[in-house]
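Written below as structure tokens is the structure these notes are about.
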Amino acid sequence: MDFDFSDEQMQLRDAVQRWAERSYGFERRRAIAAAGGFDTNVWRELTELGLTGLTIPTAHGGMGLGAVEAMVAHEALGASLLLEPLLPLHVAAAVLQHHADAAAQAAWLPRMAEGTLVVLAHVERHGHHRLDACTTTAVADGATWRLSGRKHVVPAGDHAAAWLVPARLDGALALFGVERGAPGTSVTGYPTQDGSRAAEVVLDNAPGQLVCRDGAAALAWAQDVGIALVAAQAVGVMDRTLALTLEYLNTRKQFGVPIGSFQALRHRAADMKMALELARGMSMYASLRLATPEAQRRQALARTKVQVGQSMRFVGQQAVQLHGGIGVTDEYLVSHCFKRLTQLELTFGDTLHHLGEVAARMTDEAGVAA
Amino acid sequence: MDFDFSDEQMQLRDAVQRWAERSYGFERRRAIAAAGGFDTNVWRELTELGLTGLTIPTAHGGMGLGAVEAMVAHEALGASLLLEPLLPLHVAAAVLQHHADAAAQAAWLPRMAEGTLVVLAHVERHGHHRLDACTTTAVADGATWRLSGRKHVVPAGDHAAAWLVPARLDGALALFGVERGAPGTSVTGYPTQDGSRAAEVVLDNAPGQLVCRDGAAALAWAQDVGIALVAAQAVGVMDRTLALTLEYLNTRKQFGVPIGSFQALRHRAADMKMALELARGMSMYASLRLATPEAQRRQALARTKVQVGQSMRFVGQQAVQLHGGIGVTDEYLVSHCFKRLTQLELTFGDTLHHLGEVAARMTDEAGVAA
Amino acid sequence: MDLAFTPEERAFRDEVRAWIAAHLDPAVAAKVHAGLRLSKDDIQGWARTLGRQGWLAYRWPRAFGGPGWTPVQQHLFDEALAEAGAPPILPFGPVMVAPVIMAFGTPEQQQRFLPGIASGEVWWCQGYSEPGSGSDLASLRTRAERDGDHYIVNGQKTWTTLAQHADWIFCLVRTSTEGKPQTGISFLLIDMKSPGVTVRPIRLLDGEYEVNEVWFDNVRVPADNLIGEENKGWTYAKYLLSHERANIADVNRAKRELKRLKRLAQAEGRWDDARLRDQIAALEVDIVALEMLVLRVLAAETSGKPALDIAALLKIRGSEIQQRLAELMMHVAGPLALPYLEPALEGTWTEPYPGGDPALAPLAPRYFNLRKTTIYGGSNEVQRNIVAQTLLG
Amino acid sequence: MDLAFTPEERAFRDEVRAWIAAHLDPAVAAKVHAGLRLSKDDIQGWARTLGRQGWLAYRWPRAFGGPGWTPVQQHLFDEALAEAGAPPILPFGPVMVAPVIMAFGTPEQQQRFLPGIASGEVWWCQGYSEPGSGSDLASLRTRAERDGDHYIVNGQKTWTTLAQHADWIFCLVRTSTEGKPQTGISFLLIDMKSPGVTVRPIRLLDGEYEVNEVWFDNVRVPADNLIGEENKGWTYAKYLLSHERANIADVNRAKRELKRLKRLAQAEGRWDDARLRDQIAALEVDIVALEMLVLRVLAAETSGKPALDIAALLKIRGSEIQQRLAELMMHVAGPLALPYLEPALEGTWTEPYPGGDPALAPLAPRYFNLRKTTIYGGSNEVQRNIVAQTLLG
């Protein structure tokens, strides 16, 4: 049992932090958000850092790193409140690595390592976090397939070269690749609440390639990888949020003393620290459980999303509260942390949904090893 | 709209308070609890005060008072942490008044006004707060009926002259009166957690009289009346619990100052006050809604039990916490308040059960009037 | 003890409901029911409509032109406004500055200022908070120096709600630095068109411009605009605080929003999701319990007995419930709450909406925005201090 | 980074599990699993069994007769004890006074006291709290005056856990009233059989006698029983506090109790009650998150890096979880938790049980009793002060 980071992992973290400190300050980030939430220069910088290929095998031109390294990187990226869709890219890469055949991997992974964006497009209206809520259909058309349906909140969907699209093929869920710009596709991009970018993707008899027939397994894997990365980013955001809040409490004066001297606020800060540390442990748990058999993996990731979701909501809300008026302005960083945490809570299933997953998967056993 | 108490109501409250202050102090109550939880002298005093007949019509020898007067009296009785089963008596009287025929009322209500104890015996093993969970059976036997089954936690069941027993008659729930000591009955009394008395009642082909065929309606009415009285007692207990706690906070010193000067504890006291006042309003709401049509009544009483249950748990737990070590001893009043509140929460359906009732009865509307 | 309204009260409610239905623009009501942003015209247009009827200043006594309604009538009117989807009545004029002018203003000041407030013609804002003084109001530093018939005002206010639309501002200003911080404060009315007044709207986390910074740079204010005595402003501000009543809980709006939450849950196909529904049910209980608290306060006021000392409880609970309502609505929408499309927040979206349903567009911004409710008007931490003070000394 | 135990660690776990299974009386384990009251013999019998194996002092270094296990091995042993239903190891001897004797006692004191602690033969209790000093320990007033080779001790201790069974007590006593309150305190070991020692058990809210008042009336204590220097007792007490580790969270017992909660829910036919089950699921998440916190602390200790500074977090969360477990178990039983039948709490009930199932008898008393966990050992309010001090200074 070991929760230390290796030297390589610490170097990775430091590299991301250095880039963020130098190149992703509050003003640049705000300008990117105002311009729509995706900056091609930032994307190129991330690609040059090797981050797009972080988890892609070296054989396909990536860095070939694992779940713990992904956690390390995304924790640092979370702290930078990164708008660009590195997390969705890594989810798509994980899906292709585990569920696509060798040809598809060879076709896509090297390009993704070099910055070509591919993202999962799975959210449907009235889906309510359920992975099996899919009304998009696919029908065979010779060697290819034709897809029809509508997908929402596709991360940076209008900047992606292709989307991984779950669709019903003969009633069962399968996963397809659809290239943006193909006939029968249309995409409408928009900013999201935290300033990043998403899109509606409409498919009308659009041509798709089959990625895998067991779409349910691929989607479950995508969600679990996604939860682990969300947890890592969440820890990064919360770490920064708490630091901001502590600094504010020790700086801001009322009644002649720093407000950090008031016991009620001090105890709130202690509770925020608790929420953060519980989430941090669960983020490690998530990353270390990704490789376990599916039943264990899904139970672990559902538990993670519940704890991290609760932590995010508490830390975000209390950080705003403890900042008072300045906490609800756009001009100060803490509200952006809060919105980012809110958006992360709603991504890959919210807290209540995953509580249901935990309840459904509960056994007689107890504890981390159960 | 009016939430003032009339002069008569205030006199009633004062009379109960005077009796409790003079005759139901901590030491006497503790002696009663140690002796098993029911004191015949106390019972006679309550009868002489007219409290046994409080809600029984004057035509049957009672005081003929209504739901608000019952609330007023039980709030004061709650503050005294009364062990004796006045609340169950009033529930049984309400059931007889609303669901028994004139002959049965004439047979029982005058005796109850004079102190004869009749109580509802409805809790079964694995019932889990559900009123329809009844496995006790009744079969016709000429002009009478024969009952078989087992009822738990019957309030002061070994001191009651008779029990009101729900049983299945031809599959449907009906309500019967069974006299203690009749052939085929056995009863085992015991103390409960808060020091009062209860019993297991076993019926083996025991003779019963039919009180009413619509046992479901009678039980629902019993529960709703019971919730209103529990809410009233809960407010009384919480009022006293908060007062004890405030006094302690201003008396107990640590680090050279009263612990009531620490902001975290002050805010806790404020939250206890909030819990109390929310419960107080809901206690009024409950009593004033008892007379409305069944759907409205049950919705209101379920809402009441949820709020009052939450308040009781919070106030009880925090009162102990703020008292520190002395709060967990048997020697100081506050632990008895806490145990009483716990027992009241488990009576007539717990908070979670009634949250389910509220959810099931929810309409599009909102508010007190809905 | 009785929970029912009298026949007269029910008739009154029918009357005001009918009037509101006849006069409220359905398009504006639809925006309110959908939680969309309201324009200046939406708010002021409705205020003028109410003003023409004499109902904008509906809490005022007859002597000052109010309708002389009982506390229960005021509550019923407020409830009717809320359920109809009327735009909010901004409190700064009729609820905040007016009672101070009535209590401490000269007859000339009353004649000069009250009619414009009652008619909805004059838009007021409140100049209390400063960058250095939030909960600690007494530390304010904006100063007013006497110069003949005028005060010269210098300083900065902040969190000034909707000052960008305001004609007048009522300010707490420092006129003396002697004695305790509270003692040197005065209550001054300032015309926002005065030279030297600068307003900078502050963008909030939901993208809206709702509060402002206001600078005073050698602003000349006629001494006639001083309310009451110099250096007594703290007393008047406290009077105003003690004047806040049951409506601080905003329970009628909570009831409307609960209905909206239920509509949303139904429309989104989540009404039968037992987990979510339990959370709605718990909130329904919270709102009923809050309403009982409010009704008890109203009844106490009506019966002339001393009002319950629970204004701070109403503020705490009311604000928490508003936040929880917004939180649950956002969670009903789930990831579909994430698109941020400005025109959809204004109700001016005309194209096919890429975010599922434009009804979902305002949910997350509202959740963000309402974090303010536990901060402003005396943060909930300050309110708990107040409750504790009452309980423990 | 790795969540798995090494093959050696797993082998170690198998070994201690097998040993425990072979040596633990099943009747005693059954009482533990059922949450019944344990007798003095239940507790001390097991302590002696462990002592014979050299495992009672399982956290001690080899130099003092401990097994020299790694932090992970200690955790695995603790987990094996918990899951087997072993009676608790009382901390007062091996965990509390022993480290102080090891660090600050003379070789003679070490030889005199440590073997009895390690063997389980000598029962120790802790004399810190006094009626006037709870969280504010420095204000203690029990005084020890030097009289030749002895101290004369007068005063009163309270909340002294299981002192009614104890052979020895380690006390903080005042030996000087000069300087700051902390500076005049000494650390003294007192034989409970000394003339002048009086013990009064205090009945707790669950009916059990678990803590005591202890009076000292001119008790003569040999000066040889002073640990370290006179007036340095505060330093030793603080050393002891800083010595508390991951096991403060008691997560292994929480895991056992969670299994019991699930068994109860199944036995009572409530496993399919979705509402209740969600609450169990939420608690399961809490316990996993707590365990990850504990494992991180253990791993940090093992790797020799500075331990995470989160002992206070472990205490807060661990105690809250214990309380919640007991609360939910009581609610699983519902009204059937209400009968209070003393023999059923001792496991000596033989007649037909009138309260449904005797397994339900201990649930409410345990819920009541565990309110202590957020009070003792530094209340959770004090723990939050400590966390805040680390964060904010």
Side-chain angles (χ1 to χ4, degrees), chain A residues 37 123-129 150 152-153 187-196 198-200 202 252-256 259 262 264-265 268 313 316-317 320-332 334-336 338-339 342-343 345-353 355-356 359, chain C residues 129 131-136 138-139 158-159 181 202-211 268-270 273-276 278-279 323 327 330-342 344 351-357 364-365 367-372 374-376 379-381 384-385:
Chain A
V123 173
E124 292 200 4
R125 184 123 169 76
H126 300 305
H128 312 315
H129 312 294
R150 187 180 295 258
H152 286 284
V153 207
V187 58
T188 314
Y190 48 76
T192 63
Q193 299 296 339
D194 68 353
S196 64
E200 182 193 46
V202 182
R252 168 77 170 169
K253 288 191 178 178
Q254 294 273 276
F255 307 103
I259 61 174
F262 293 114
L265 307 193
R268 206 82 58 79
R313 201 182 300 187
Q317 291 180 350
V320 169
Q321 180 71 22
L322 294 181
H323 275 81
I326 207 175
V328 295
T329 69
D330 182 66
E331 301 175 356
Y332 195 69
V334 73
S335 73
H336 298 271
F338 169 52
K339 290 196 282 185
T342 303
Q343 186 145 334
E345 196 196 340
L346 293 173
T347 303
F348 293 115
D350 72 3
T351 307
L352 208 55
H353 170 78
L355 179 63
Chain C
S129 290
S133 65
S135 299
D136 180 17
S139 68
T158 192
W159 314 128
I202 299 173
R203 186 177 151 99
L204 292 189
L205 79 174
D206 62 339
E208 206 167 359
Y209 294 89
E210 192 177 289
V211 297
E268 292 301 300
R270 301 198 66 182
D273 174 338
R275 256 173 214 103
L276 183 70
D278 274 4
Q279 304 216 340
Q323 292 182 338
E327 182 175 299
M330 180 182 72
H331 279 275
V332 164
L336 274 296
L338 295 180
Y340 180 77
L341 292 149
E342 287 263 356
E351 302 162 65
Y353 183 77
D357 183 335
Y367 166 66
F368 298 142
N369 179 281
L370 289 188
R371 300 319 299 174
K372 73 188 179 193
T374 48
I375 294 170
Y376 69 12
S379 75
N380 280 19
E381 287 79 13
R384 284 190 169 85
N385 287 347

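To find a chain, count down the sequence lines: A is the first, B the second, and so on, and within it residues start at 1.
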Whether A:F338 and C:Y367 hold their rings parallel, tilted or perpendicular, with breakpoints at 30° and 60°: tilted
C:E268 and A:H126: which non-hydrogen atoms are nearest, and at how many Å? O-ND1, 3.2 Å
Checking C:S139 against chain A: side chain, backbone, both or neither under 4.5 Å from a heavy atom? neither
Which heavy-atom pair separates A:L346 from C:G334 by the least distance, and what is that distance? CD1-O, 3.8 Å
Relative to chain A, which of C:E210, C:Q279, C:K372, C:E342 shows the most heavy atom pairs under 4.5 Å? C:Q279
Exam field: side chain A:Q193 to backbone C:P339, donor-acceptor pair closer than 3.5 Å: yes
Heavy-atom pairs under 4.5 Å with chain C are the metric here; pick the option from A:H323, A:R313, A:K253 that has the most. A:R313
If I measure from the heavy atoms of chain C, does A:T342 come under 4.5 Å with its side chain, its backbone, both, or neither? side chain
Rounded to the nearest 0.5 Å, how far does CD1 of A:I259 lie from CG of C:D136? 11.5 Å
Looking at C:D357 and A:R125, is there a salt bridge between them, counting it only when a charged N and a carboxylate O are closer than 4.0 Å? yes
Supply the atom-to-atom distance C:L341 CG to A:T192 OG1, rounded to the nearest 0.5 angstrom. 10.0 Å
Mark yes when over 12 heavy atoms from residues, nucleotides or ligands other than A:R150 sit less than 6.0 Å from its CZ; otherwise mark no. no
Side-chain touch C:L338/A:Y190, heavy atoms, less than 4.5 angstrom: no
For a quick check under 3.5 Å, do A:Q317 and C:Q323 share a side-chain donor-acceptor pair by atom type? no
When you measure from the side chain of A:Q254 to the backbone N and O of C:G132, does any donor-acceptor pair fall under 3.5 Å? yes
Is it the side chain or the backbone of A:V320 that comes within 4.5 Å of chain C heavy atoms, both, or neither? both
Roughly how far apart are C:Y340 OH and A:Q343 CD, rounded to 0.5 Å? 13.0 Å
So which part of A:L265 gets closer than 4.5 Å to some heavy atom of chain C, the side chain, the backbone, both or neither? side chain
A:V123, part contacting chain C, at a heavy-atom distance under 4.5 Å: side chain
Nearest non-hydrogen partners of A:Q321 and C:S379, listed with the distance: NE2-CB, 4.5 Å
What one should report as the nearest heavy-atom pair of C:L205 and A:G327 is CD1-O, 4.5 Å
When rounded to the nearest 0.5 angstrom, what is the spacing between OG1 in A:T188 and OH in C:Y353? 12.0 Å
So, the part of C:Y209 with a heavy atom under 4.5 Å from chain A: the answer is neither
Does the side chain of A:H128 reach to within under 4.5 Å of the side chain of C:D273, using non-hydrogen atoms? no
Which bit of A:R268 comes within less than 4.5 Å of chain C, counting heavy atoms only: side chain, backbone, both or neither? side chain
Heavy-atom pair of closest approach, residues C:R275 and A:A359: NH2-CB, 4.2 Å
For a quick test of reading the model, state the closest non-hydrogen atom pair linking C:G356 to A:H152 and the distance between them. N-CE1, 3.3 Å
Below 4.5 Å from any heavy atom of chain A, which atoms of C:P365 appear? Answer side chain, backbone, both or neither. both
Given that the side chain runs from C-beta out, which part of C:Y376 has a heavy atom under 4.5 Å from chain A: side chain, backbone, both or neither? neither
Among A:H336, A:R252, A:H353, who wins on heavy-atom pairs under 4.5 Å with chain C? A:R252
